[in-house]
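Structure first, then comments.
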Amino acid sequence: MESSVCLAVFSMIATPRVRSRRNTTTHPDLEEVLFTEAQIKRRVHGLAAEIKQVYGEGEFTLVSLINGAVMFTADLMREIDNPVRLDCIRVSSYGANTKSVGAPQIVASLTLDIKNRDVLIIDDILDTGKTLSLVTALALKLNPASLRSCVLLDKKARREVEFEADFVGFEIPDKFVVGYGLDFAERYRNLPCIGVLKRELQQIPA
């Protein structure tokens, strides 16, 4: 069931659509914009080229950490012409907080068999390293032929466990960011840019 839900979500998001011109005004809840929609698009294209260099023409399996990596995964898939399989893992780590709290927990795991497969784990942001360490450990137990990771954002200042991604979109400072799939209490995921949420808004209203 989880796999079918995963594929349904990505099929809707990854379908190219003719878009109307976006309002370029900065969202009022953002303190600053770190990366515009155009900058993200260019970097995703560049990441796809880097991934292509590693995998060549071969097939590999994408494992997306949802919900945060949904938009990033969908756009990255459109830039890759290799045969790919897609699966999702749902991990809980932030909740309604601005920092990862406690140990992350896997809410829904893989459904595809990745034994002897080349696997690329995709996440929106690498900060403490706890989530990707957990998911990587889980995947390694399933005996993939190879295992790599790709993150859109890397917040090195927040690292608590030793982990480095194989492919990185952008390095960012220790600020709480939203947009392009990243959220605060499930808000702001739909913003086309990535920006810093105003400090006074980093609390759930009573």
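The model shown is predicted, which means the values in this text are computed figures rather than measured ones. Computed over heavy atoms, backbone and side chain alike; hydrogens, waters and symmetry mates excluded. For the single chain, residues carry numbers from 1 onward in sequence order.
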Q: In sequence, state the C-alpha distance, the side-chain angles, and the governing distance for Val135 and Val91, and then conclude on side-chain contact (heavy atoms from CB on, under 4.5 Å).
A: CA-CA 9 Å; Val135 173; Val91 181; 3.9 Å; yes

**Q.** From Ile114 atom CD1 to Arg117 atom CZ, the distance as rounded to the nearest 0.5 Å
**A.** 10.5 Å

Q. For the side chain of Asp87 and the backbone of Leu112, is there at least one donor-acceptor N/O pair under 3.5 Å apart?
A. yes

Q: Any chance you could measure Leu86, atom CG, to Met77, atom CE, to the nearest 0.5 Å?
A: 5.0 Å

**Q.** Heavy-atom check, side chain of Asp166 versus side chain of Val54, under 4.5 Å
**A.** no

Q) Do any N or O atoms from the side chain of Arg158 and from the backbone of Lys175 form a donor-acceptor pair under 3.5 angstrom? A) no

Q.
What's the separation between atom OG in Ser64 and atom CG in Leu120, rounded to the nearest 0.5 Å?
A. 10.0 Å

Q | Flag if over 12 foreign heavy atoms under 6.0 Å of CD, Glu162 | A | no

Q) When you look at Ile89 and Leu138, which way does the side-chain contact (heavy atoms from CB on, under 4.5 Å) test go after all the steps? A) CA-CA 11 Å; Ile89 292 182; Leu138 169 69; 4.0 Å; yes

Q: Grab the two heavy atoms, one from Met71 and one from Gly181, that are nearest each other, plus how far apart they are.
A: SD-N, 3.4 Å

Q. Which heavy atom in Lys130 sits nearest to a heavy atom in Val161, and how many Å separate them?
A. N-CG2, 3.7 Å

Q) Yes or no on side-chain contact (heavy atoms from CB on, under 4.5 Å) for Ile51 and Arg148, after CA distance, side-chain angles and deciding distance? A) CA-CA 10 Å; Ile51 292 168; Arg148 297 180 177 88; over 6 Å; no

Q.
Less than 4.5 Å apart, side chain to side chain, heavy atoms only: is that true for Asp29 and Lys198?
A. no

(Q) What I want to find out is whether Arg199 reaches Glu31 closely enough, with some N-O distance under 4.0 Å, to be called a salt bridge. (A) no

Q: Could you go through the side-chain contact (heavy atoms from CB on, under 4.5 Å) check for Leu201 and Phe184 one step at a time?
A: CA-CA 9 Å; Leu201 298 176; Phe184 174 62; over 6 Å; no

(Q) If you count every heavy atom of other residues, nucleotides or ligands that lies below 6.0 Å from Lys41 atom NZ, does the total exceed 12? (A) no

Q | Ser133 to Phe163 - nearest heavy-atom pair and separation | A | OG-CD1, 3.6 Å

Q.
Please report the interatomic distance OG1(Thr128) to CD(Glu160), rounded to the nearest 0.5 Å.
A. 5.0 Å

Q. So, Asn82 side chain and Gly58 main chain: donor-acceptor pair closer than 3.5 Å or not?
A. yes

Q) Which atom names give the shortest non-hydrogen contact between Val119 and Pro144, and what distance separates them? A) CG2-CB, 3.9 Å

Q.
So which atom in Phe167 and which in Leu47 form the shortest heavy-atom distance, rounded to 0.1 Å?
A. CB-CD2, 4.1 Å

Q.
Strictly below 4.0 Å, N to O, side chains only: are Asp154 and Arg159 in salt-bridge contact?
A. yes

Q: Determine the interplanar angle of the Phe170 and Phe35 rings, folded into 0 to 90°, and report it as parallel if under 30°, tilted if 30 to 60°, perpendicular if over 60°.
A: parallel

Q) CG of Leu152 to CZ of Phe72: how many Å apart, nearest 0.5 Å? A) 5.0 Å

Q) Heavy atoms, side chains only, cut-off 4.5 Å: are Ile194 and Leu153 in contact? A) yes

Q.
For Ile122, run the side chain to side chain contact (heavy atoms under 4.5 Å, CB included) check against Val70, Ile66, Thr73, Val151 and tell me which one passes.
A. Thr73

Q: Report the distance from atom SG of Cys150 to atom CG of Leu126, rounding to the nearest 0.5 Å.
A: 11.0 Å

Q. When you check the gap from the basic side-chain N to the acidic O, do Glu79 and Lys52 get nearer than 4.0 Å?
A. no

Q | Heavy-atom closest pair, residues Lys155 and Pro173 | A | CG-O, 3.6 Å

Q.
Would you say that Arg187 contacts Val178 through its side chain, given a criterion of any heavy-atom pair below 4.5 Å between the two side chains?
A. no

Q: For the residue pair Leu65 and Ile121, establish whether any side-chain heavy-atom pair is separated by less than 4.5 Å.
A: yes

Q) Can you find a side-chain donor-acceptor pair between Tyr55 and Asp118 that sits under 3.5 Å? A) no

